[in-house]
Amino acid sequence: MHAEAMAHLCPHRRVLQQSIRPGACPHRQPLHRLSVRCRATIELPPDLQAVVNELEESKYCGGEGTVLVREAPVDVPKNGKRYHIHTFGCQMNLADSERMAGVLESVGYECSEDPAKADVLIYNTCSIREKAEVKVYSALGKQAKRKRDRMGDLKIVVAGCVAQQEGQQLLRRVPEVDLVMGPQFANKLDELLERVDSQGTQVCATDHIEISEDITVPRRDSSLTAWVNVIYGCNEKCTYCVVPYTRGQEQSRRQEDIRREMLALGEAGYKEVTLLGQNVDAYGRDLPGMAADGSGRRQHTFTDLLRYVHDVPGIERIRFATSHPRYFTDRLVRACAELPKLCEFFHIPFQSGDDNILREMARGYTAARYRSIIDNIRRYMPDASISGDAIVGFPGETEEQYLATERLVREVGFDRVNTAAYSPRPNTPAADWDNQVADLIKADRLNRLNAVVTDVATQRSQRFLGRTLEVLVEGVNPRKSSQAFGRIRHNKLVYFDGDGEVLRGQLVNVKIDQCNPYSLYGDMVEVLRPRAPLPHSVAADTVRDGMLAAAL
């Protein structure tokens, strides 16, 4: 750590200096502003801050969440009211926000980027980390004062995982909130707001329900890429995770409904779809029926779903998230290698490199099992990008156990890892254990792991230097208007000179001449023609041929 970074008056300064290894190179410095039980913060050097900014910008919602911004639909009568949606957390929350926007716009609301102009203010919340909850309550405090000043004209809605977790307690804590609703009620927002009006009281909707198939079309946050939910909830009981308590049990959508949604997206001009689930490869285990081949598999698996939807016309790329190592099969890997629209990118959280910690987390696999999954992916797809999640400072974690996580990151060669210090969450077993790791130790380990992650990501990124890669153009680089930007199939951002408005939505080839840890730069070579769609029967034959070849 830089000496000047430590030069602030703090009772923990000496402890920190002892806990950070001396003689570290500049690239092994902390990768975020660290508050260490005091009000002072550590400022990073400009070069490292640029790396941090790049990483933060590539996250789904960033540290401060994201505000939904969109034009009003032209074919729906307006009711003169506006809504504002601020989303915190994962891509599942982003998808839920799109569904809520679709519900409100179907009854005449328009989107407002400014919360001060909204009649309905929605915070779609995340409870995975305590920090996200703190931000929500801070924002609610400001809006509660505004509501008091407006004498009740403003409706405040708290949706998502914090809402499901806190329920009535949230209404008591912030009495200005009108509606608390779990994620399972996203497509019933209009009905719940009507209840608020008709009853004249606060409404808490957190009961478990069977999630019905949406009849309202989500208002997508993009016109090129779209989230498509395939399974809701999670049946895993990881001892640190609040998701099973906030999103409920697994509920898989029917294959026909998923394909129908993707067909509509392809007809509307969307190019890329990400299939979403809290545990996406568990898809289908709650659906009836067994496979007819006598294999003992369920009739509907995630691998079967990929084969069923891969040939949807107009959709050029398919991704999926998030995977659980326990259910990541060889059959799934082979399908991803055989189906041309499946991108060479896999997000598979590992959480720790130590078997004892994994056992305490109730993850259901070992570090060796995780390595074998990655080895198998690279056997079929040698160039695939791998990302993961890791937690440091889990209760009882020793220094040796932490170092096992460092080793796993280096041995696997991740393209990126989302890291976090363990945060005790309500209703989870690990939160009550008496072997909690000190905050200072967690912060130190997080900094060290982030340095390793960036080192590895930098090395992995160099394999793209000099190559010509397919890029789906998303628009104009917001920081440099003369540049366009998009993503390669490996889920890395690429920036290049060109008219982003003209090229938006097109596939282009870009020759890479600069590789940063989480982004690439290059020169456009050519604009590619869209792939000609295969008839469904021809595509099915192609898949069967591929399966036969793999079997032989």
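Treat the numbers as computed from the prediction; the structure is a model and nothing was measured. Sequential numbering from 1 along the given sequence is applied to the chain's residues.
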message: Can you confirm whether the side chains of S295 and D293 place a donor and an acceptor under 3.5 Å from each other?
response: yes

Reported NE2-to-CZ distance for the pair H347 and F414, which is rounded to 0.5 angstrom: 10.0 Å

- prompt: Taking atom types as modelled and ignoring hydrogens, do the side chains of T419 and N450 form a donor-acceptor contact shorter than 3.5 angstrom?
  reply: yes

task: Check whether any side-chain heavy atom of E474 sits under 4.5 Å from a side-chain heavy atom of F485, and report yes or no.
output: yes

field: Considering all heavy atoms, the nearest S461-S519 contact
entry: OG-O, 4.4 Å

- prompt: Is there side-chain contact between V417 and F350, with heavy atoms separated by less than 4.5 Å?
  reply: yes

- prompt: So, S323 and D281: side-chain donor and acceptor under 3.5 Å apart, yes or no?
  reply: yes

- request: Would you check if there is a donor-acceptor pair between the side chains of E397 and Y422 at a distance under 3.5 Å?
  value: no

field: Nearest heavy-atom neighbours spanning L275 and M262
entry: CD2-SD, 4.0 Å

task: Could you check if a side-chain atom of I488 sits within less than 4.5 angstrom of a side-chain atom of F464, using non-hydrogen atoms only?
output: yes

statement: Rounding to 0.5 Å, atoms CZ (F346) and CG (N491) come to a distance of 12.0 Å

field: Heavy-atom side-chain proximity of F320 to F302 below 4.5 angstrom
entry: yes

message: Closer than 3.5 angstrom, by distance alone: can the side chain of Y232 be matched with the main-chain N or O of G248 as a donor-acceptor pair?
response: no

message: Main chain of R253, side chain of Y283: is a donor-acceptor contact present, judged purely on distance under 3.5 Å?
response: yes

task: Might you work through the side-chain contact (heavy atoms from CB on, under 4.5 Å) test for E338 and Y380, ending with a clear yes or no?
output: CA-CA 9 Å; E338 292 166 6; Y380 289 102; over 6 Å; no

- prompt: Is the side chain of T239 donor-acceptor paired with the backbone N or O of E360 at a distance under 3.5 Å, no angle test?
  reply: yes

query: When you check the side-chain N and O atoms of N279 and N235, is any donor under 3.5 Å from an acceptor?
result: no

Sidechain-backbone polar pair: T405 side chain, G353 backbone, donor-acceptor under 3.5 Å: yes

- prompt: Charged N to carboxylate O below 4.0 Å: is that the case for R99 and D96?
  reply: yes

task: Report yes if some heavy atom in the side chain of V242 is under 4.5 Å from a heavy atom in the side chain of C161; otherwise report no.
output: no

CA sep, side-chain torsions, deciding dist, call: R448, L403, side-chain contact (heavy atoms from CB on, under 4.5 Å): CA-CA 10 Å; R448 290 156 58 194; L403 291 174; 3.8 Å; yes

query: Counting N and O atoms only, with roles assigned by atom type, does the side chain of D415 sit under 3.5 Å from a partner on the main chain of A457, one being a donor and the other an acceptor?
result: no

message: Run R379 and D375 through salt bridge (charged side-chain N to carboxylate O under 4.0 Å, His left out) and show every step you take.
response: CA-CA 6 Å; R379 180 162 67 97; D375 289 343; over 6 Å; no

- request: Mind listing the closest non-hydrogen atom pair of T206 and G167 along with its distance?
  value: CG2-CA, 4.2 Å

- request: Evaluate side-chain contact (heavy atoms from CB on, under 4.5 Å) for V309 paired with Q255, printing each intermediate quantity in order.
  value: CA-CA 8 Å; V309 303; Q255 288 186 342; over 6 Å; no

- request: Taking R298 for its side chain and L287 for its backbone only, find out whether a donor-acceptor pair lies under 3.5 Å.
  value: yes

field: Salt-bridge contact E316-R487 (side-chain N to carboxylate O under 4.0 Å)
entry: no

statement: Correct closest heavy-atom pair for R489 and C343 would be O-CB, 3.3 Å

query: Passes side-chain contact (heavy atoms from CB on, under 4.5 Å), D354 versus E400? Steps please.
result: CA-CA 9 Å; D354 180 80; E400 290 73 22; over 6 Å; no

- prompt: Is a side-chain N or O of N93 found less than 3.5 angstrom from the main chain of T125, in a donor-acceptor match?
  reply: yes

- request: Return the minimal non-hydrogen interatomic distance between K341 and I315, and the atom names on each side.
  value: NZ-O, 2.8 Å

- prompt: For the atom pair CZ (R331) and CZ (R297), what is the distance rounded to the nearest 0.5 Å?
  reply: 3.5 Å

- request: Check whether the side chains of T301 and D304 place a donor and an acceptor atom closer than 3.5 Å, and report yes or no.
  value: yes

- prompt: With distance as the sole test, does N447 use its side chain to make a donor-acceptor pair with the main-chain N or O of A443 at under 3.5 Å?
  reply: yes

message: For Y365 and Y370, take the angle between the two ring planes, folded into 0 to 90°, and tell me which bin it lands in: parallel under 30, tilted 30 to 60, perpendicular over 60.
response: tilted

Distance-only polar pair, side chains of Y240 and R363, donor-acceptor under 3.5 Å: yes

message: Salt bridge check, D311 against R259: does any charged N sit closer than 4.0 Å to a carboxylate O?
response: yes

field: Interatomic distance, N516 atom CG to K492 atom NZ [nearest 0.5 angstrom]
entry: 9.0 Å

field: Test item: side-chain donor near acceptor, Q278 and E236, under 3.5 Å
entry: no

Distance-only donor-acceptor check, side chains S385 and R463, under 3.5 Å: yes

statement: Value for CG (L465) from CD1 (I512), rounded to nearest 0.5 Å, stands at 8.5 Å

message: Between H324 and R326 (side chain of the first, backbone of the second, donor and acceptor by atom type, cut-off under 3.5 Å), is there such a pair?
response: yes

message: If we ignore hydrogens and angles and just use 3.5 Å, is the side chain of R416 paired with the main-chain N or O of S387 as donor and acceptor?
response: no

task: Carefully, step by step, assess R334 and D330 under the rule salt bridge (charged side-chain N to carboxylate O under 4.0 Å, His left out).
output: CA-CA 6 Å; R334 285 191 285 115; D330 177 77; 3.0 Å; yes

message: To check you understand the geometry: which heavy-atom pair defines the closest contact between N229 and A95, and what is its length?
response: OD1-CB, 3.6 Å

